[in-house]
Amino acid sequence: MNCTFPGPYVAVASQCVSGKNDKGAGGATSIYFIKADGSVDRASILGSKVEMTMTPPAGIKYTAVSCQDTSSYLLRSDGAVDRTTGGGKISNTMNPPPGGAYVQISAGQWASYFVRSDGKIDRTTGGGKVAATMDPATEPEDKGNCSVM
């Protein structure tokens, strides 16, 4: 199927590669396109048209989007992150620590990550709450665990 979306757009959401169940289900069900004015068009990955436009709060722009099967995250120009869990409705806003900002986001199937302006990384495993903070400056060099580069 060929699809053309109205645009013009300045960015498209990153998508998580998700495991599939025995019926082939799993993975992102929507894709998001950022417009120059900071709003976001949302379309079903199975459809061929924009289903809705998501508008950030007054004076704010969406600057990045990362999506996966159960929730997607929209990075705001004020450094906060809006979380949506279905239908393009914002379920909650995740704020960085006072004086900081989120600068990059990555949605994942089991956990999602937000890079902070101080270089630390916040990890959420659901519910729209930060479950842990990783500090590369204090993490051991190599203990057989994963590393962020």
Side-chain angles (χ1 to χ4, degrees), residues 1-21 25-139 146-149:
M1 164 187 340
N2 290 331
C3 302
T4 302
F5 296 97
Y9 298 110
V10 297
V12 63
S14 63
Q15 291 186 30
C16 170
V17 175
S18 299
K20 304 287 185 185
N21 67 20
T29 58
S30 298
I31 187 66
Y32 301 82
F33 304 98
I34 301 175
K35 297 167 121 179
D37 68 0
S39 64
V40 170
D41 280 348
R42 179 182 180 272
S44 166
I45 61 168
L46 302 176
S48 59
K49 63 183 171 96
V50 169
E51 296 172 340
M52 69 178 305
T53 298
M54 301 172 69
T55 305
I60 304 294
K61 290 184 175 189
Y62 288 123
T63 61
V65 182
S66 188
C67 56
Q68 53 104 359
D69 55 350
T70 60
S71 56
S72 296
Y73 299 90
L74 294 88
L75 181 62
R76 297 170 19 163
S77 59
D78 64 355
V81 174
D82 284 343
R83 177 177 182 257
T84 178
T85 56
K89 295 177 183 151
I90 302 302
S91 56
N92 66 299
T93 298
M94 301 175 72
N95 292 298
Y102 289 120
V103 296
Q104 189 173 4
I105 55 177
S106 180
Q109 188 172 22
W110 307 112
S112 297
Y113 299 88
F114 312 136
V115 178
R116 295 177 2 188
S117 56
D118 64 4
K120 295 177 183 175
I121 300 164
D122 285 343
R123 178 177 192 259
T124 179
T125 54
K129 295 182 169 86
V130 172
T133 297
M134 296 179 285
D135 184 351
T138 62
E139 296 293 323
C146 66
S147 61
V148 177
M149 303 178 131

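For this chain, numbers begin at 1 and follow the sequence in order.
- Remark: the Gln68 side chain and the Ser66 side chain contain no N/O donor-acceptor pair separated by less than 3.5 Å.
- Of all heavy-atom pairs spanning Ala107 and Ser71, the tightest one is CB-O, 4.4 Å.
- Each salt bridge (charged side-chain N to carboxylate O under 4.0 Å, His left out) pair with one or both residues in residues 85-105, not counting sequence neighbours, would appear here, but there are none.
- A donor-acceptor pair is defined here as one N or O able to donate and one able to accept, closer than 3.5 Å; such a pair exists between the side chain of Ser91 and the backbone of Arg83.
- Formation of a donor-acceptor pair under 3.5 Å by the Thr124 side chain with backbone atoms of Ala131 is not found in this model.
- Closest non-hydrogen pair, Ile31 versus Cys67, comes out as CD1-SG, 4.4 Å.
- The backbone N or O of Arg42 lies less than 3.5 Å from no partner atom in the side chain of Glu51, so there is not a single donor-acceptor pair.
- Using modelled atom types, no side-chain atom of Asp41 and backbone atom of Val50 make a donor-acceptor pair closer than 3.5 Å.
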Worked check of side-chain contact (heavy atoms from CB on, under 4.5 Å) between Ile90 and Met54: CA-CA 9 Å; Ile90 302 302; Met54 301 172 69; 3.6 Å; yes
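- Rounding to the nearest 0.5 Å places CD1 of Ile60 at 14.0 Å from OG of Ser39.
- Rounding to the nearest 0.5 angstrom, the gap separating the OH atom in Tyr62 from the CG atom in Leu74 is 5.0 Å.
- From Asn92, atom CG reaches atom NZ of Lys129 across 8.0 Å, with rounding to the nearest 0.5 Å.
- Between Tyr73 and Phe114, the distance from one ring center to the other falls under 6.0 angstrom.
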Apply the test salt bridge (charged side-chain N to carboxylate O under 4.0 Å, His left out) to residues Lys35 and Asp37: give CA-CA distance (whole Å), side-chain angles for both, the deciding distance (0.1 Å), then the verdict. CA-CA 5 Å; Lys35 297 167 121 179; Asp37 68 0; 5.4 Å; no
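- Ion pair Arg116/Asp118 flagged as a salt bridge, since at least one NZ, NE, NH1 or NH2 atom sits closer than 4.0 Å to an Asp/Glu carboxylate oxygen.
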Distance-only criterion, 3.5 Å: show the donor-acceptor pairs between side-chain atoms of residues 93-105 and protein atoms not counting sequence neighbours.
from	atom 1	to	atom 2	distance (Å)
Thr93	OG1	Asp82	OD1	2.7
Tyr102	OH	Asp122	OD2	2.6

